[in-house]
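Structure first, commentary second.
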Amino acid sequence: MANLWDQPATTALRADGLRVADVDTSSRPGFTGDKRQGKAALTERGQVLSKLQEKLFAHGRTGGDRSVLLVLQGMDTSGKGGIVRHVIGSVDPQGVDHASFGVPTEQEKQHDFLWRIRKRLPAHGQLGVFDRSHYEDVLVARVHDLVPRAEWEQRYGQINKFEREVAESGTIIVKVAMFISLEEQKRRLRERLQRPDKYWKFSPADITERDYWPEYQKAYQAILDRTNTEYAPWYVLPADHKWYSRLAVTELLIDALTSLRLDWPPADFDVAEQMRLLERS
Ligand code: AMP
Ligand code: MG
């Protein structure tokens, strides 16, 4: 298939200097194709992703110490679950470590906010996926004053220090902030209320949270301004078009895995000798 990107997703979506208020949530940065072409590209590139992930897994099985961590943030209905199902769903589940972070449990509340996060970091050879993350502790916690300002203010620095350690231990961190418009969120919530098979995803708080949209935009701006580092960059993903957001995240992961430059692990046995023994058996 022809290359339908006029610039790589990694360039088109980089958060550097970006204003959240300026994001056109219905845009498709870098991609020149239409929906049909986007869906076809997702199928094709999903296979590339799958092969690369298998290499990472094989590497981990043979003593390698690399891993990849995808951090997904976004308002309710922004499509985090769809990324997990349609992008991560194209790779072998044994190489995936998926963690979702909701309201902290009583036990989790007894500890530092990074405690539950550290426990779920991907092991060597794994593709880790965080559906929400430690960023909730500077998003919902900031918007709703769950802790005093002095406490959440400190967290940006703590997050950067933590992510630097994670990166230095061999994990490539890919952070994706998904942005939909307030109108698009209304459509998606309406659909949840119209379909019994979607009720389980709905929470009455999703409606009241809409009143805090500007505060969330501000809190997202702060994480882009303060935690967009070279070792753990943010990508800003316009997410009104689900097909685009899934394709773009696939490209970001392909780029991360490719940058590891992994080869298939060499045989630790004499291939010719084993072939000879096999034929004789
Ligand atoms: P969902 O992703 O729809 O299952 O919702 C999870 C909920 O947990 C969201 O409303 C989040 O804002 C909330 N949540 C996640 N992490 C935290 C946190 N650290 N503190 C408070 N609420 C959180
Ligand atoms: Mg929800």
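One-based numbering, in listed order, for ligands and for the atoms of each. One-based numbering along the sequence shown.
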Worksheet item: Around the Mg ion (ligand 2), how many protein N, O or S atoms are there at under 2.8 Å?
Response: 1
Enumerate, one pair per line, all nitrogen or oxygen atoms of ligand 1 lying under 3.5 Å from a protein nitrogen or oxygen, stating the separation to 0.1 Å; write 'none' if no such pair exists.
{"unit_1": "ligand 1", "atom_1": "2 (O)", "unit_2": "R132", "atom_2": "NE", "d": "2.6"}
{"unit_1": "ligand 1", "atom_1": "2 (O)", "unit_2": "R132", "atom_2": "NH2", "d": "3.3"}
{"unit_1": "ligand 1", "atom_1": "3 (O)", "unit_2": "D76", "atom_2": "OD1", "d": "3.4"}
{"unit_1": "ligand 1", "atom_1": "8 (O)", "unit_2": "V103", "atom_2": "N", "d": "3.1"}
{"unit_1": "ligand 1", "atom_1": "12 (O)", "unit_2": "E136", "atom_2": "OE1", "d": "3.0"}
{"unit_1": "ligand 1", "atom_1": "16 (N)", "unit_2": "G102", "atom_2": "O", "d": "3.2"}
{"unit_1": "ligand 1", "atom_1": "16 (N)", "unit_2": "R116", "atom_2": "NH2", "d": "3.2"}
{"unit_1": "ligand 1", "atom_1": "19 (N)", "unit_2": "R116", "atom_2": "NH2", "d": "3.2"}
{"unit_1": "ligand 1", "atom_1": "19 (N)", "unit_2": "D137", "atom_2": "OD1", "d": "3.0"}

Practice prompt. Answer yes or no: is there a side-chain heavy-atom contact under 4.5 Å between L70 and V68?
Written response: no
Discussion item. If the condition is ring-ring contact (aromatic ring centres under 6.0 Å, His included), which residues does W115 pass it with, not counting sequence neighbours?
Written reply: H111
Practice prompt. Could you tell me the separation between the CG atom of L72 and the NZ atom of K175, rounded to the nearest 0.5 Å?
Written response: 13.0 Å
Fill in: CZ (R61) with more than 12 external heavy atoms under 6.0 Å
no
Discussion item. Within the structure provided, determine whether L247 and F31 are in side-chain contact (heavy-atom separation under 4.5 Å).
Written reply: yes
Worksheet item: Donor-acceptor pair, S50 side chain versus G46 backbone, under 3.5 Å?
Response: no
Practice prompt. Sequence neighbours left out, what pairs pass ring pair (Phe, Tyr, Trp, His ring centres under 6.0 Å) with at least one residue falling in residues 187-215?
Written response: H144-Y212
Worksheet item: Can you tell me how far CZ of R155 sits from CD of Q158, rounded to the nearest 0.5 angstrom?
Response: 7.5 Å
Practice prompt. Considering only NZ, NE, NH1 and NH2 on the basic side and carboxylate oxygens on the acidic side, decide whether E215 and K218 come within less than 4.0 Å.
Written response: no
